[in-house]
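Remarks on the structure that follows.
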Amino acid sequence: MATAIEKLPFIINPSLRLRSHSFQVCWHVVDAEALRAESHFAYPGRKVYLRKNVCEVMVQYFDGRFDIIYGEQTDWNAIGLQRWLRKEIRDAVVARANEILPARLHYWERQKGVRAAKVMVNSRLRRSTMGNCSVLKEINLAPMIVLFPLPFMDEVILHELAHLKHMHHCKSFWAHLSQLLGRDARELEKESDLFFSKYADLFFFLMKK
Ligand SMILES: [Zn+2]
């Protein structure tokens, strides 16, 4: 067990803090009896992780909030639990992305008087790509951006909307994006990169297929 767990770059346990404007993980410790009793109630969006037929952890996703209910005896070092939890968090992030990203993009389209041909949430973008815009003016957005602070999430969306007019990253693109953002795009990108560099490994770990 110990050797298997060492292969994971992150252990998901109650010290994990994941909280953005759009998505948050909330931890709740309850006593073993309460956990066992509660796990027998079906609840929309609830999933139960069993170990030896006993509830070890329950998770619940609703409206951007991912609750993790566990007991004091929960063994966070169990590889099976770690894999399950990572998948549940990833699925909740993807669900959240589908709930809010197209709507947020449409909001900015109305604000800025532009129109993409199509918007899709796409989990299969390359590691370095948070979004892209095709020559057909179809925009893809990575679900992970719901974990970003709102100004940085919006920056990704507006960056792709700016590509509707400029299909490159030349000076005219940055000038146009700055106009859409109402501030210096390069400066905002630096702030965003600084934030992302702190969390990139964790976010990629959580989101990998
Ligand atoms: Zn670009």
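Indexing begins at 1, ligand by ligand and atom by atom, following the structure's order. The first residue in the sequence is number 1, and the count goes up from there.
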Are side-chain heavy atoms of Gln60 and Arg65 found at a separation under 4.5 Å?
no

Would you say the ring centers of His21 and Phe152 fall short of 6.0 Å from each other?
no

Over-ring placement of Arg46 relative to Phe41, 6.0 Å and 45° cut-offs
no

The Zn ion (ligand 1) has as its nearest N, O or S atom from His159 the atom NE2

Backbone or side chain, does Cys133 get an N/O/S atom under 2.8 Å to the Zn ion (ligand 1)?
no

Atom name in His169, limited to N/O/S, at shortest distance from the Zn ion (ligand 1)
NE2

Tyr43, OH: over 12 other non-hydrogen atoms inside 6.0 angstrom
no

